[in-house]
Amino acid sequence: MGKVDKPKQVLVAISLNGSLLSVTGLLQEGVSMLPVCAVANAVGGKVEWIAATQVVRLTAKT
């Protein structure tokens, strides 16, 4: 059986409102992935995991 290549992942910087976050995201096959908790915390938001539906809910501060 041949070797399966791992999808190429590129680290990307995350800038929010002109400020660079201390964490990085990934770009893989045209899809951007980023650490949800870090981004939510940077804007004062809240992250909630809903296990029953396997959904991540982000709530912005009001």
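For clarity, every value in this text was computed on a predicted model and none was experimentally measured.
- Under the 4.5 Å side-chain criterion, counting only non-hydrogen atoms from C-beta, T24 is not in contact with I14.
- The two residues A38 and V23 have their closest heavy-atom pair at CB-CG2, 3.7 Å.
- Using a 4.5 Å heavy-atom cutoff, the side chains of W49 and Q54 are in contact.
- Counting only heavy atoms from C-beta outward, the side chains of V47 and R57 never approach each other to under 4.5 Å.
- Of the inter-residue distances, the one linking M33 atom CE with L27 atom CG reads 7.5 Å to the nearest 0.5 angstrom.
- Across all non-hydrogen atoms, the minimal contact from G25 to P35 is CA-CD, 4.4 Å.
- You'll find the side chain of K8 stays beyond 4.5 Å of the side chain of Q28, heavy atoms only.
- Cluster annotation: L26 is not connected to L34 through the hydrophobic network of ILVMFWY side chains, with a link wherever side-chain heavy atoms come within less than 4.5 Å.
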